[in-house]
Amino acid sequence: MLTLNCTNADSMIIGEEHGLNISQEFDNYSDKIADIIKSLNQRKDKLGEGLQWMNLGYNEETVWYVKEFASMVEGRFENIVVLGIGGSALGGLAITEALLKPYWNFLTLEQRNNLPRIFFLDNIDPDSINGLLEVLDLKKTLVNVITKSGDTAETMSQYMILKDLMEKELGDEYRKNIVVTTDKKMGILRQLADQEGYKIFYVPDDVGGRFSVFSSVGLVPFALVGLDIDKIMNGVKDMDLELKNTNIHQNKAAQGALIQYLMDKKGKDISVLMPYSSRLKHIPDWYIQMISESLGKAYNRNGEEVHTGITPIKAIGATDQHSQMQLYNEGPNNKLITFIRVKEFDTTLEIPKIFEYTGIGYLGGKTVNDLINAEADSIKVSLSDYKRPTITITIDRIDEYHIAQLLYLLEVQTAITGELYNIDTFNQPSVEQAKNYMYALMGRAGYEGSAESIQNKLAQV
Ligand code: PA5
């Protein structure tokens, strides 16, 4: 179903300087890993640990409410616009891009089985917001405002713009075109949503943005565009059960985490995630946020200054073979590259047998499927020739079940890596600090004190 192959990170293949004696290391760390897995599973129900995302696969009530809402609005909207940033957008973007038919927003209504297009507005670039507004018919648009804190400036400013325009165009009816996903109690959006009478979904307590994709944060948009959220949840649950195994030899998340951690100790503190599929092109974006915010920490749990972190990089196969691969092969040997491979693509595309007597004749009669697989295989071999460590995750196919398995695996892997570093994986003090600086600069009440000092610093930098 989902396999993890670490052979090309092993010293047997790439030598001792750059590889690990993997089976030896698994044995060395087996007790520590078992303790970590036990501890994560014991702490996951305790509020304040940041681990409630490990329970999301079992949240049948939310799935029921989301499906009910999706069926209530079925056929009413041509467009879904998600307003959100960071963890409130990246998982949704990654999964819809993977699971919807390619070029979904360009398909006709009929080709989309009467399902809406979906747009993620995850930036505050005025040109792109204005551009999107030009193509939307607001009467046929459902806006899903997603912000856990309920006051993130980027998301709230987009909401204010959309709400204002929709009210002007739709009158009082605009309320039916807005659905909110936010914290149960906290935040300005929570209060506004009540006052306005919007439909509200909650981000469960103790689920941080970057671990929220399987909460209503992801499920609402997924259900609205017709994805099977039961299958998504089954993927999460089955993977969760598998990853409860405390034996590192049978736990892929633990294996991935330990290899990443030990490679960092060997000076390979860059992690490249490289899916061989364009449909998976936003999964590295989601992964980048998760790794950056989870593992980039100044202090460990003992209060010691550690400055941990792995620098994540996005690459897409085969495209980036023609962009980044030269560096990966011949540049500094400071990366661990994780390939994501797909066993069976949904379709097969044959290359016609033309130009037979030319240099490209060998391609004729083969399939594009053969070609992308051959490209991935050849890169794996060439990287190992250069003694570059790689790992390969293979999923059977791109569907709800397997994509959910893949993302959940990477979440648990990140949590275990954080435990190996002994850091708080689930806080993000620097993200909060940047938000506070921006509030001060934009004149938010309560931040006047820091505004002056930030202005002074700004004059110097
Ligand atoms: O992972 C996180 O916690 C952050 O990246 C948040 O998702 C991001 O800052 C958006 O926050 P919010 O959902 O509160 O608008």
Side-chain angles (χ1 to χ4, degrees), residues 47-54 56 81-95 120-125 129 143-163 178-193 198 200-221 282-297 309-310 312 314 407-408 410-415 417-418 423-439 442 444:
L47 271 186
E49 294 284 346
L51 285 163
Q52 293 288 323
W53 56 270
M54 293 179 81
L56 292 175
V81 175
V82 175
L83 308 183
I85 196 162
S88 290
L90 290 166
L93 182 60
I95 289 191
F120 287 82
L121 258 192
D122 69 344
N123 201 359
I124 38 161
D125 166 25
I129 299 177
V143 174
N144 185 191
V145 193
I146 308 180
T147 161
K148 180 175 168 66
S149 62
D151 60 4
T152 300
E154 292 88 343
T155 307
M156 293 308 277
S157 56
Q158 292 166 350
Y159 159 65
M160 289 156 83
I161 293 165
L162 264 298
K163 186 248 177 204
I178 295 177
V179 51
V180 157
T181 309
T182 192
D183 190 83
K184 219 177 273 172
K185 300 187 198 101
M186 248 180 22
I188 297 167
L189 186 62
R190 177 71 186 83
Q191 295 161 26
L192 288 176
Y198 303 143
I200 311 177
F201 286 94
Y202 300 118
V203 186
D205 291 336
D206 235 18
V207 174
R210 57 191 177 274
F211 289 87
S212 68
V213 62
F214 300 117
S215 73
S216 50
V217 168
L219 296 181
V220 173
H282 289 305
I283 289 181
D285 297 321
W286 166 84
Y287 176 76
I288 282 171
Q289 186 214 7
M290 186 169 62
I291 290 289
S292 305
E293 292 188 354
S294 300
L295 304 180
K297 298 292 152 75
I310 290 166
K314 168 179 181 164
L407 267 63
Y408 190 74
L410 294 172
E411 288 183 342
V412 177
Q413 179 175 310
T414 305
T417 314
I423 52 168
D424 183 346
T425 311
F426 306 106
N427 67 1
Q428 56 278 325
S430 294
V431 179
E432 308 304 337
Q433 185 197 44
K435 283 187 182 181
N436 291 337
Y437 281 9
M438 188 276 306
Y439 293 149
M442 290 296 284
R444 181 171 175 177

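One-based numbering, in listed order, for ligands and for the atoms of each.
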Which of these passes side chain to side chain contact (heavy atoms under 4.5 Å, CB included) with N427: I423, D424, T425? D424

Using a 4.0 Å cutoff against the non-hydrogen atoms of S88, which atoms of ligand 1 qualify? 7 (O), 12 (P), 13 (O)

Taking 4.0 angstrom as the limit and counting only heavy atoms of E293, give me the atoms of ligand 1 inside it, by number and element. 1 (O), 2 (C), 4 (C), 5 (O)

In terms of residue, atom name and distance, what is the protein heavy atom nearest to atom 9 (O) of ligand 1? K435 NZ, 3.2 Å

When you compare ligand 1 with I146, is there at least one nitrogen or oxygen pair between them that comes in under 3.5 angstrom? no

Purely on distance, is any nitrogen or oxygen of T155 under 3.5 Å from one on ligand 1? no

Of E411, E293, Q289, the one forming a side-chain hydrogen bond (donor to acceptor under 3.5 Å, both in side chains) with R210 is E293

The atoms of ligand 1 lying under 4.0 Å from a heavy atom of G209, numbered in the order shown, are 1 (O), 2 (C), 3 (O), 7 (O)

Taking the side chain from T414 and the backbone from I291, do they hold a donor-acceptor pair closer than 3.5 Å? no

Just by modelled atom types, is the E49 backbone N or O under 3.5 Å from a matching donor or acceptor in the D206 side chain? yes

Tell me if a side-chain donor or acceptor on S157 pairs with a main-chain N or O of E154 at a distance below 3.5 Å. yes

Taking only non-hydrogen atoms of I85 and a 4.0 Å limit, the atoms of ligand 1 in range are 7 (O), 8 (C), 10 (C)

Among all the protein's non-hydrogen atoms, which is closest to atom 5 (O) of ligand 1, and how far away is it? Q289 NE2, 2.5 Å

Strictly under 4.0 Å, does any heavy atom of E154 approach an atom of ligand 1? no

side-chain hydrogen bond (donor to acceptor under 3.5 Å, both in side chains) against T152, all qualifying residues, sequence neighbours excluded: S149, K435

Under 4.0 Å to a heavy atom of G87 - the qualifying atoms of ligand 1, by number: 5 (O), 6 (C), 7 (O)

Please identify which atoms of ligand 1 are closer than 4.0 Å to at least one heavy atom of T152. 11 (O), 12 (P), 14 (O), 15 (O)

Give me the residue, atom name and distance of the protein heavy atom closest to atom 14 (O) of ligand 1. S149 OG, 2.6 Å

Residue pairs meeting salt bridge (charged side-chain N to carboxylate O under 4.0 Å, His left out), one or both in residues 81-94, sequence neighbours left out, come to none

Contact summary for A415 and W53, nearest pair of heavy atoms: CB-CZ2, 3.8 Å

